[in-house]
Every structure is written in structure tokens, then in C-alpha cells.
Number of protein chains: 2
Amino acid sequence: MTVSGSGPSATPTVRDVAEHAGVSPMTVSRTLSGGKNVRAEVQEKVWAAVEELGYHRNENARSIRPGHSSGLIGVAITNLGNPYYGQFALGVEEVASLHGRRIMLGNTGEQLARESQLVSDFIGRQVEGLIVVPTGEGAEHLTPGRLGSVPLVLASRTVEGLDADTVLLDDINGAYEATKALIDGGHTRIGFLGNVLSVSTARRRYEGFVRALHEAGLEPDPALIRRGQQDVAAARRAMEELLGLDDPPTAIFSANNRNTIGALQAIGTRQKDGPAIPAPTLVGFDDVELADMLQVPLIIVSHDPRQLGAQAARMLFDRLDDPEMDESPRLVELPVTVGTLRG
Amino acid sequence: MTVSGSGPSATPTVRDVAEHAGVSPMTVSRTLSGGKNVRAEVQEKVWAAVEELGYHRNENARSIRPGHSSGLIGVAITNLGNPYYGQFALGVEEVASLHGRRIMLGNTGEQLARESQLVSDFIGRQVEGLIVVPTGEGAEHLTPGRLGSVPLVLASRTVEGLDADTVLLDDINGAYEATKALIDGGHTRIGFLGNVLSVSTARRRYEGFVRALHEAGLEPDPALIRRGQQDVAAARRAMEELLGLDDPPTAIFSANNRNTIGALQAIGTRQKDGPAIPAPTLVGFDDVELADMLQVPLIIVSHDPRQLGAQAARMLFDRLDDPEMDESPRLVELPVTVGTLRG
């Protein structure tokens, strides 16, 4: 591959591409921006030259010229290690590519300081929009004063004191229905495993759990409640504690998939090693791969994280496509499905 | 929060921050770039002003000024929906943050055209380095002529005809040892589930599989080989075909976690609905969450995708930290562990 007129190490410019294709630099520029008013065969010549010279637009330079957009959507998730968020990001990406945008994915690890830094960095890189699964512990870095005109959609969780477009799951009803299924199955000693209450999903799912108990004239038993587990290892330890109680719960509501997997592992170990007591019935919020193959009584509160991501992206593009849109924040709650009791 | 000297909607500049902190713009700039030659209490004043005004550096503008780097590492993975790659990206991110860099994650969906476009886009955004899990079908867009001085590390897979720093798993020995365990267990009719052979991991794992067969005087049986399954649904159908044969295999080697999960689902359905034949023994490359809780004979070829990501990042930073480093490409193979047969 030789490049006429410039050494192999020089970075080719629009002018090089134009010369190589035998067209004007304006034609190259128009072709790269979508090809409006450029004949198909000329566009082909330009693309061949782009390919041959290895030309790259400087996307950063483009994004700081007024009137040019970066083509980037910033997406902040809390835990890259949770398959849930991979599916979520995939849903965002699918809708973003329909709109010709790329996503830039960052991980906050459930830490407010990293979230704040990440959002600031996204803004510094001129993202056109932001989709954030917030830690929920602070709002300051997500206020319009900080984001300027960049639209924001919160996904999966809310932030105390922040009004923004938000897409949530129907956490409260999902947890309510699942707990009700346990009570209808005759359970009265029901344990709870979940995230810290500063996370809105944990709060909302706990609310649904308590509502079902109250409706049946039951009270949540503090001895059976374990909160704050953010990964599988912590969830497993919490479940082992519950199973080790003198009077263990006969059923458990687990508020997310990390807690469900930890609980399943604890049950599995106990069935292998421990005294032969019946495994508690488990209800888990979020799908779990292979859940249907386990020999453990399990109800799943099921939903599609990909749909959640897609919905967040659609809400963002609503605003990007129509900057004159009514400013009032919108709230969408996606339905969940409570599986039937097995085992 | 009021901002003296500028309206609330104006974007604050370095000059605003300097005025607010009572220091020179140069001091602000030095503080933002690491604080060299700026006293600690002055730095604190600057950061307080940055915080109070909601100032963001324009990272893109910075990255196109000569001598300034973007602080970004481009990471291309093939399937965001596979938890394996979430862990992989987490490993890259951990090492990148130790080096003060952020990652920009893109998904190619196993499509060469998207990979090529993504790499070009990363280069256009002035990434400092690239880590790519390649589809493996083309090398052109990854050649030095295209990447310029941006270092590249290939992870998990190689690309035919491309010499670059690469980190792989010990695919061949892992598949060999796992298949040998099946043969030692008395199996002679062993099926194979895997990705298309253009993917180097599939090729290498098939090579290990065949080597173990040959050593035992066996030949791979084309009727028992299913290749090209890239997701769980396709893997499940392929496994159902194998289970439905008049003379089905008594054991299966599955070359990655998508195929293993599909195979497990097919076995599960058959155990529930189908004739009561014994489930084939399954060997799966890659860890699978909850695998240890299933009632199916299963051997896992285990490794840590997070370590793979971390190793790729370390190889990249070796080059970034020492541009004078020997140019010859390095190849690292990470060990895998073959579990013992259960069930």
C-alpha cells in the first residue's frame, strides 16, 4: 500500500483523500458526513481513497467545532461484573446505533466519587447525552448546572432530590407479588437479602416486601433481614448466617441477582455438607442464567435489562431529536413478571 | 450556588476558576495537570473553585493539542451480552485506572465491519492505546499503517496474518486435558460444540480436542461436531440435535460458556420431558455461574477473564510507558485449570 505524495508515516488529511480520489475537499467532507448532494459513484471513489490511505476523521477536533456533535452517548453503570449491566448496555447500544451514535461505557463500582468524576469526564468529552445508573447517594454532579444542555436519563434507580427523566422497573409491585406468593404458600418466617437502602431499587423492593407482609398481618423480623450485600461473596455469607439461625426462615426474598446467586450457593453448600434440613424457598428479583435447572425451590421476578437500556436510550433520543420538548421529567416503569413457585 | 461574574448558564472557563480561587490561570492549569510546583493549600483552593463553579476541562480540546494525551484506552469486545466480557473489561479498567486512564468500551457483535469502524473511530478520538478481542476475520484495519503510533494488544484471540502483542488463554492444552479426562473416564463417542473456526479460540480448542482423540487412537466423528453457535439459543438447538441422534454421544466438549449454557438447557429440558436416557457428561471451557449446583455431570475448564483483561492492559502500558521498547510482538498464554469430573 503506497501513498502518493506523502510518506507512509504521515497522517493523511482530507486534502490527501481529495487528491487521491480526484475530487474537491468539500466533496470528501460531504461524503464523510453522510453523502448529501454527492453522486453514488463519487462517494464510492471517496470511500476507496479513505480506505486506501487509512484516513481517520479526527472525531475530537470535529466535536469541538461549533455545530458539530461528538456522536457519543455517555453510559455509566455501577457494576461491569454483573451480567445484568452487560445486557443493559447492549440495549442502549442497539437504540443508539439506530440513531447513528456510539456509546462510551464507564463503570462506577457503586462509588459516588467515581460516578461524579465519570460524569464530569463525559461532559468534558462533549457527549450528546448521558444515561446513568446512579449510586443514588448524591445529586449535585447530575444537576442541570453541571450538565449544561446535555440531557440525562436515569435508569433502574432514582436519586434523592433530583428530578430527571427516569426509567425504572416496577420494583414495588414485583416484590409485593413475589412476597405474596410466598405468604400464599404458607410461609410466615420470610427473610430478606438486598442492597443498601441508599440504592432506590433496594428501598423500593423492600417497600413491596413489607407491604405484602403487612397485608397478611405480618411484621418484618429484623433478625431475618440482611442488607448491604453488593456482590455474590457477601450475599453468600449473609445467607449462611440466616441458614445458621436456631429458627431459620422458611423462605427468602432476594432483592437482586447478586444476592440470589449468593443465596443459591449457600443453599448448595449446606445441602452437600450441612445437616439435612429442607432448603428454604427462594424468591429472586432479576433473572439468573440456569436458574431453571436448579433443584432448589425458586421463584424469579423476571424482566429484560436489555429493554430497560433500550427504553432509557429512547427517552434520551426523544430529547435530542426535539430540543423544544416539554421540560417536565418523565417517569416510565417497566413491568416485571413473577414466575410460579416450583420445587 | 451563585457564580460571581458569570451567569448560571455560562460554561465556566479556566479564567473564571482562577478568579474565583484568587490565583493565576497558569496555577489552575498546573493544578489540573497534577499539581506540579503548586503548594498543597493553593491546589485545594483551586479544586474548591472547580467544584463550586462546576468547571469541566474540555478533554477533547486538550487531546488535540500537541503533547497532550486523551487519557483514553479503546477496548473492543465481541459480545456485551456475555458476562465473560464484562469481567474482561473490568480487568482492563482496573489496570487502566492505576495508570490514570479511562476505558472506552465498544461492542462489535462478532462483525468485522463493526470492528473496523470502531477501531477507526477510536483512533479518530485519539485513544492512547487499543485492546481488541478480534473477530479474527480481517487484519487490514489493525495494521500499523492504520493505527499509526497507537499501540495494540490483541486479547483472547489472534488474527491471521497480523503480528501484534497478544494475550491468549492456554486453549490447546485446556481442551486437550479436558478431552483426555473424558477419554480416561471411558468415553469414545465425544461430541463437540463450538464457535466458527475463523475465531482462533474455537480453532485452538478444536485442535486440543482432536489431539487428545488422536492420542487415544480415536477420530473426531463429523456427525457429532456442531460449530458456529454464537449464542445460547443456537447452542441449545445444536445440543438438542446431538441428543436426538439414534446413537447420541456419551460425552460433549463445549468450547465456550455460551455453548455450555445452551447444552445444559437442552439436557435440562430432555431430563424433564424426554425419554429417560442418562445425560451425557459435559466438559465446558469457561466458568459458568451456578455450574457447581447443577445435577449434571460437568467438568469446567476454568480461568479468570478479569486476569486476561488485566494482562492485556499491562502489556499495553508496558509500551506506553516505554516507547523505546523492542518492537517484536510478545505472546503471553495464561494457564487454565481443568476441574475434576463430578456427577
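By convention in this document, chain letters (A, B, ...) are assigned in the order of the sequence lines, proteins followed by strands, and residues within each chain are numbered from 1.
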If we count only N and O atoms by modelled type, under 3.5 Å, do the side chains of [X] and [Y] hold a donor and an acceptor together?
X	Y	answer
A:Ser97	B:Arg114	no
B:Asn82	B:Asn257	yes
B:Thr269	B:Arg236	yes
A:His303	A:Asp287	no

>> Are B:Phe122 and B:Met104 packed together at the side-chain level, in the sense that at least one heavy-atom pair is separated by less than 4.5 angstrom?
In response: yes
For chain A, the option from B:Gly268, B:Pro305, B:Pro83, B:Gly86 that forms the most heavy-atom pairs under 4.5 Å: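 Going by pairs under 4.5 Å, I would pick B:Gly86.
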May I ask you to name which of A:His141, A:Gln117, A:Gln265 has the most heavy-atom pairs under 4.5 Å with chain B?
->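 Maximum pair count with chain B is reached by A:Gln117.
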With chain B, the option among A:Val75, A:Leu118, A:Ile103, A:Ile267 that has the most non-hydrogen atom pairs under 4.5 Å is A:Leu118
Heavy-atom cut-off 4.5 Å, strictly under: side chain, backbone, both or neither for A:Val288 against chain B?
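The side chain, not the backbone.
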Whatever's closer than 4.5 Å to a heavy atom in chain B on A:Glu94 counts as neither
